[in-house]
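None of these values were measured; they are calculated from a predicted model. So you know, we letter chains A, B, ... as the sequences are listed, proteins then strands, and number each from 1. We use all heavy atoms of the structure for the numbers below, so side chains are in, but hydrogens, waters and symmetry mates are not.
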Amino acid sequence: MSAALPRDFIRQIIHEDLESGKHSEIVTRFPPEPNGYLHVGHVSSICLNFGAAGETGGKTYLRFDDTNPGKESEEFMRAIERDVHWLGFSWDDRLTHASDYFDQLYDAAEKLIELGVAYVDSLSADEIREYRGTLTEPGRDSPHRARSVEENLELFRRMRNGDFADGEHVLRAKIDMASPNINLRDPALYRIRHVHHQRTGDKWCIYPMYDFAHTLSDAFEGVTHSLCTLEFEDHRPLYDWFLDQLQPTSRPRQIEFSRLNLAYTITSKRKLSTLIEAGVVTGWDDPRMPTIAGMRRRGYPAAALRNFVMRGGVTKKDKLIEMAVLENSIREELGENAERRMAVLRPLKVVLTNYPDGQVEMMQALNHPNRPELGTREMPFSRTIWIERDDFLEEAPRKFFRLKPGGEVRLRFGYIIRCDEVIKNDAGDVIELRCSYDPDTRSGTQTSNRKVKGTIHWVSVQHAVAADVRLYDRLFTIPDPASAADLMDVVNPESLQEVTAMLEPSLQNFEKGQAVQFERLGYFCADARDHSPDAPVINRIVTLRDSWAKIERQAMAS
RNA sequence: UGGGGCGUAGCCAAGUGGUAAGGCAUCGGGUUUUGAUCCCGUGUACCGCAGGUUCGAAUCCUGCCGCCCCAGCCA
C-alpha cells in the first residue's frame with residue numbers, strides 16, 4: 001500500500017518531519033487567487049497539497065488569496081471550489097480567505113513598524129522602481145526610510161483611515177536595499193487601494209501584498225508545509241524573514257516544486273483570457289481550454305487527470321510533458337469504464353440489396369468487450385445502413401482491410417457484407433454502396449466460422465439519431481505556444497471541426513456529461529452545456545489509438 | 001559582469017558511494033467480430049562537459065557549459 005505511494009522529495013520531507021516528531025499532523029493549503037479559472041498546472045498542485053496531507057491523515061485548506069480586489073471575483077471562487085471538488089478533494093470547513101485575516105494582518109503590520117522593521121514610504125511607484133536599483137546594481141535607501149516609529153504608525157493609521165489617495169504612500173519592510181535578492185530590497189507590504197473588496201466590502205482601503213499576507217495566512221492556519229512553484233524560491237528568504245520578525249506560534253516551511261507544462265497548451269491565466277476575449281474559444285470552459293472546467297466539459301475523467309499528474313511526479317526540473325501522456329491516462333480510464341456504442345461520423349449509405357425490404361432485426365451488442373457484466377443492448381439492423389466514409393476505399397492498398405469493391409467486411413455485431421456496386425454522383429463522388437449480406441454470418445450464431453479481416457461499425461438509417469459532433473484538436477500548432485511572439489500566430493485554425501453524425505438509437509437518451517466509446521473512433525461525451533435529447537451535441541474527448549493512421553503515415557513517408 | 005534554481009534515453013522519472021527502476025512515445029510480434037484493449041519483446045542513457053577524491057561516483061569535491069526564474073504599490 002504505502003509502497004505504491006509516490007515518494008517525491010516533498011513527500012520524503014513530510015515523512016521525515018513526521019518520523020522525527022517535528023510535526024504530529026501535516027497541514028497544507030491550496031491558495032489560488034480567484035482571478036481566473038484553474039488549469040492543468042493547478043491540478044498538479046491540488047493533487048500534491050491534498051494528496052500529501054491526506055495520505056498522512058493530515059488536512060488541507062482551500063484558501064483564496066484575495067488580496068487584490070478588482071481583479072478577483074466571487075464567480076471565480078465558485079468555479080474554483082467546483083473544480084477542486086470535482087477533482088475529488090474536500091476541505092470540509094477549511095475554506096478560508098486571506099481576507100479573513102485582514103485584521104490580524106493589519107496588527108502584524110503595526111507590530112513590524114513598532115519593531116522598527118517597516119516604514120511608510122511616500123515615494124511614487126516610479127521613484128520606488130528607480131530606487132530599487134537593477135539586477136546588477138544595488139538600490140538606494142528611500143529618503144523616508146528613517147521615519148520614526150511614531151510617524152510611521154501615524155501615517156500607516158491614516159493610510160487605513162482613508163486619508164490618502166491611491167499610490168500616495170506604501171508600507172514597506174525595512175530589510176536591505178543592497179541585497180542581491182531583489183525581493184529583499186524593502187518589499188511593499190501594504191498599498192492604498194480605494195476599491196470595494198468582494199468580501200470585506202468597503203471596510204479597507206489598504207490591502208496587504210502577497211508575500212506578507214501569504215506567509216502569515218500560512219502561519220495562522222498552522223500550515224506545516226507551504227508548497228508552491230519555483231518562481232517563489234527567491235521569495236523564501238522574505239517568507240522566513242516575516243516569520244523571524246513576528247515569531248508566530250506556528251512556523252510553516254515553504255518548499256518549491258516545478259510547475260507542470262503541457263505540450264501544445266498554455267497555462268497563463270492572462271493568455272487564457274486573451275483567447276476568450278479574442279473569441280478563439282467560447283469561454284473558460286470551452287472544451288479546448290486546458291482549464292479544469294474545460295477538461296471536465298470535454299469529458300476528461302477526474303481520475304485520469306489525477307493519474308496523469310501522479311505519473312509526472314514532483315520535482316524541481318522544468319518540464320514540458322507530451323500530450324500523449326495525458327491522452328494515455330484518459331484512454332486508460334475510459335477504456336476500462338466507458339460503455340461502447342456505435343456512431344458514424346461521416347456517413348456513407350449502404351444498401352443491402354438482398355436483405356428483405358422492411359425487415360428489422362435486433363442485434364445484440366456488447367456494452368464492453370472486456371467486461372461482460374456491463375451487459376448488452378439491442379441495435380436495429382435493416383436494409384439500409386450508414387457506414388463510415390473512411391471505411392470504404394475504391395482503390396484500396398493491400399493492407400486496407402475494410403470495404404472495397406468486391407471485398408468483404410464484417411459489420412460489427414451484424415453480418416458479413418460484400419461490396420457489389422459503387423454509386424457515384426455526376427461529380428464522381430461516391431454517394432452510395434450496393435452490397436449483399438451473407439445470411440449465414442449473423443453475429444453470435446455458429447452457422448458460420450467464416451473470417452474476414454476487417455470489422456466496421458454501422459448504424460441503421462431509419463433508426464439513426466442525427467447529432468452535432470464536435471471534433472476537437474489541439475489549440476495550438478507548436479509544442480510551446482508560450483514561446484510565440486504572438487499567441488494568435490500559433491492558434492490551430494482546425495482546433496474544432498463540427499460534423500453531423502448518425503448515432504445508434506440507444507444514444508437517444510445520452511445524458512449530459514456521460515462518456516462512451518464510439519467503437520473504432522474514440523471517446524465521446526454529451527456536452528454538459530449544449531446537449532439535449534432532441535438536439536444532441538457531442539464532444540470528442542480523445543480518439544482511439546490508431547495504428548492504421550500510423551501505417552498510412554509510414555506509407556506516405558516511403 | 002547580481003541573486004536563486006535546474007541539467008539521468010524523444011518526453012517524464014527512480015536513484016542519496018557499489019557499478020542505471022518504471023511510465024509515455026518508438027519499433028517489432030501474438031491474441032482480437034473495435035486496425036481498440038490485452039500480452040510479449042525492443043533502447044549501447046559518454047547519468048550536461050572536464051578534471052579530482054575513492055578499490056569503486058549519476059551519487060562527494062573543483063572548474064566550466066546550457067536552460068529557467070527575479071528589477072509589480074500582481075500572485
Quote, to the nearest angstrom, the C1' distance that separates B:G51 from B:G5.
-> 25 Å
Just checking, A:R140 and A:Y131: is the charged tip under 6.0 Å from the six-membered ring centre and within 45° of the axis?
-> yes
Of the candidates B:C74, B:A36, B:G23, the side chain of A:R193 sits closest to B:C74
Using a cut-off of 4.0 Å on non-hydrogen atoms, how would the nucleic acid contact of A:F400 be classed: base, sugar-phosphate, or nothing?
-> base
Return the nearest nucleotide to the side chain of A:P180; candidates are B:G3, B:C12, B:U33.
-> B:G3
For B:A14 versus B:A21, give the span between their C1' atoms, rounded off to a whole number of Å.
-> 6 Å
So, is A:K317 near the phosphate of B:G5, with a side-chain N or O under 4.0 Å from OP1 or OP2?
-> no
Map A:P369 and A:E233 onto RNA chain B by nearest heavy atom, then report which one ends up closer to the 5' terminus.
-> A:E233
Test: A:K453 and A:E408 ion pair at under 4.0 Å | no
When rounded to whole Å, the CZ to P distance for the pair A:F518 and B:U34 reads 19 Å
Side chain of A:K316 only, please: which of B:A75, B:A25, B:G5 is the nearest?
-> B:G5
Is there a side-chain polar atom (N or O) of A:R410 under 4.0 Å from OP1 or OP2 of B:U34?
-> no
Per A:H235 side chain, nearest of listed nucleotides B:C12, B:C70, B:A75 | B:A75
At under 4.0 Å between heavy atoms, what does A:R402 touch on the DNA or RNA strands: base, sugar-phosphate, or nothing?
-> base
Pick base, sugar-phosphate or nothing for A:L189, based on heavy-atom distances below 4.0 Å to the nucleic acid.
-> nothing
Residue A:N183, side-chain atoms from C-beta onward, closest of B:C70, B:C68, B:C73 | B:C70
Just wondering, are more than 12 heavy atoms of other shown residues or ligands nearer than 6.0 Å to NZ in A:K399?
-> no
Contact class for A:S258 (heavy atom, under 4.0 Å): base, sugar-phosphate, or nothing?
-> nothing
How is A:G312 classified with respect to the nucleic acid when contacts are heavy atoms under 4.0 Å: base, sugar-phosphate, or nothing?
-> sugar-phosphate
Would you say the side chain of A:S226 lies within less than 4.5 Å of the side chain of A:H214, judging by non-hydrogen atoms?
-> yes
Do any side-chain nitrogens or oxygens of A:R7 fall under 4.0 Å of OP1 or OP2 in B:G15?
-> no
Among B:C73, B:A14, B:A25, the nucleotide that comes nearest once only the side chain of A:A125 is considered | B:C73
Over how many whole Å does the gap from A:R311 atom CZ to B:A21 atom P extend?
-> 20 Å
Look through every strand shown and name the nucleotide pairing with B:G66 as Watson-Crick or G-U wobble, where both distances are under 3.5 Å.
-> B:C6
Is a donor-acceptor contact shorter than 3.5 angstrom present between the side chain of A:S443 and the base of B:U33?
-> yes
Looking at B:C27, B:G2, B:A14, which one has an atom nearest to any side-chain atom of A:Q554?
-> B:C27
For A:C205 and A:H194, the nearest pair of non-hydrogen atoms, with its separation, is CB-ND1, 3.6 Å
Please answer whether the main-chain N or O of A:R11 pairs with a side-chain N or O of A:D8 as donor and acceptor at a distance below 3.5 Å.
-> yes
Close side-chain approach of A:F518 and A:Y523, heavy atoms under 4.5 Å = no
Report which part of the nucleic acid A:F401 touches: base, sugar-phosphate, or nothing (heavy-atom distance under 4.0 Å, all strands).
-> base
Write down the distance separating the P atoms in B:C67 and B:U8, rounded off to the nearest Å.
-> 15 Å
A:A188, nearest nucleotide to its side chain (from B:C73, B:U34, B:A75) | B:C73
Distance-only donor-acceptor test (3.5 Å): side chain A:N181, base B:G4 | no
So what does A:L135 touch, heavy atoms closer than 4.0 Å: a base, only the sugar-phosphate, or nothing?
-> base
Candidate nucleotides B:C70, B:A75, B:G2, ranked by approach to the side chain of A:D234 - the nearest = B:C70
Touch class at under 4.0 angstrom, heavy-atom based, for A:K550 against every strand present | sugar-phosphate
Less than 3.5 Å between a donor and an acceptor, one on the side chain of A:R340 and one on the base of B:U34, is that the case here?
-> yes
Do A:M363 and A:R412 have side chains that get closer than 4.5 Å, going by heavy atoms?
-> no
Residue A:N68, side-chain heavy atoms: nucleotide from B:C68, B:C74, B:U34 that is nearest | B:C74
Between A:K319 (NZ) and B:C12 (P), how many Å, whole number?
-> 9 Å
Lys/Arg cation over aromatic A:Y264: A:R474, 6.0 Å, 45° cone | yes
Base orientation of B:G4, syn vs anti, 90° cut from 0 | anti
Using the C1' atom as the reference point in each nucleotide, state the distance between B:A57 and B:U1 in Å, no decimals.
-> 34 Å
Distance, C1' atom - from B:A25 to B:A13, rounded to whole angstrom | 14 Å
Taking the P atom of each, how far is B:U16 from B:C11, in whole Å?
-> 24 Å
How is A:Q517 classified with respect to the nucleic acid when contacts are heavy atoms under 4.0 Å: base, sugar-phosphate, or nothing?
-> base
What is the pairing partner of B:G22, taking Watson-Crick or G-U wobble pairs with both distances under 3.5 Å in any strand?
-> B:C12
Nearest-angstrom distance, P atom, B:G3 to B:G56 = 36 Å
Touch check for A:R132, heavy atoms < 4.0 angstrom, all strands: base, sugar-phosphate only, or nothing?
-> sugar-phosphate
Does a sphere of radius 6.0 Å around CZ in A:R311 hold more than 12 heavy atoms from other residues, nucleotides or ligands, not counting ones at 6.0 Å or beyond?
-> yes
Assess whether one donor atom and one acceptor atom, taken from the side chain of A:E322 and the base of B:G10, lie less than 3.5 Å apart.
-> yes
Is a donor-acceptor pair below 3.5 Å formed from side chain A:Q12 to base B:U16, judging by atom type as modelled?
-> yes
Residue met sooner reading RNA chain B from 5', once A:F232 and A:I182 are mapped to nucleotides = A:I182
Distance, C1' atom - from B:G28 to B:U34, rounded to whole angstrom | 22 Å
Quick one: label A:L320 by what it contacts on the DNA or RNA (base, sugar-phosphate, nothing), any heavy atom closer than 4.0 Å.
-> sugar-phosphate
A:M209 near the nucleic acid: base, sugar-phosphate alone, or nothing, with a heavy-atom cut-off under 4.0 Å?
-> sugar-phosphate
For A:T315, which contact category applies under a 4.0 Å heavy-atom criterion: base, sugar-phosphate, or nothing?
-> sugar-phosphate
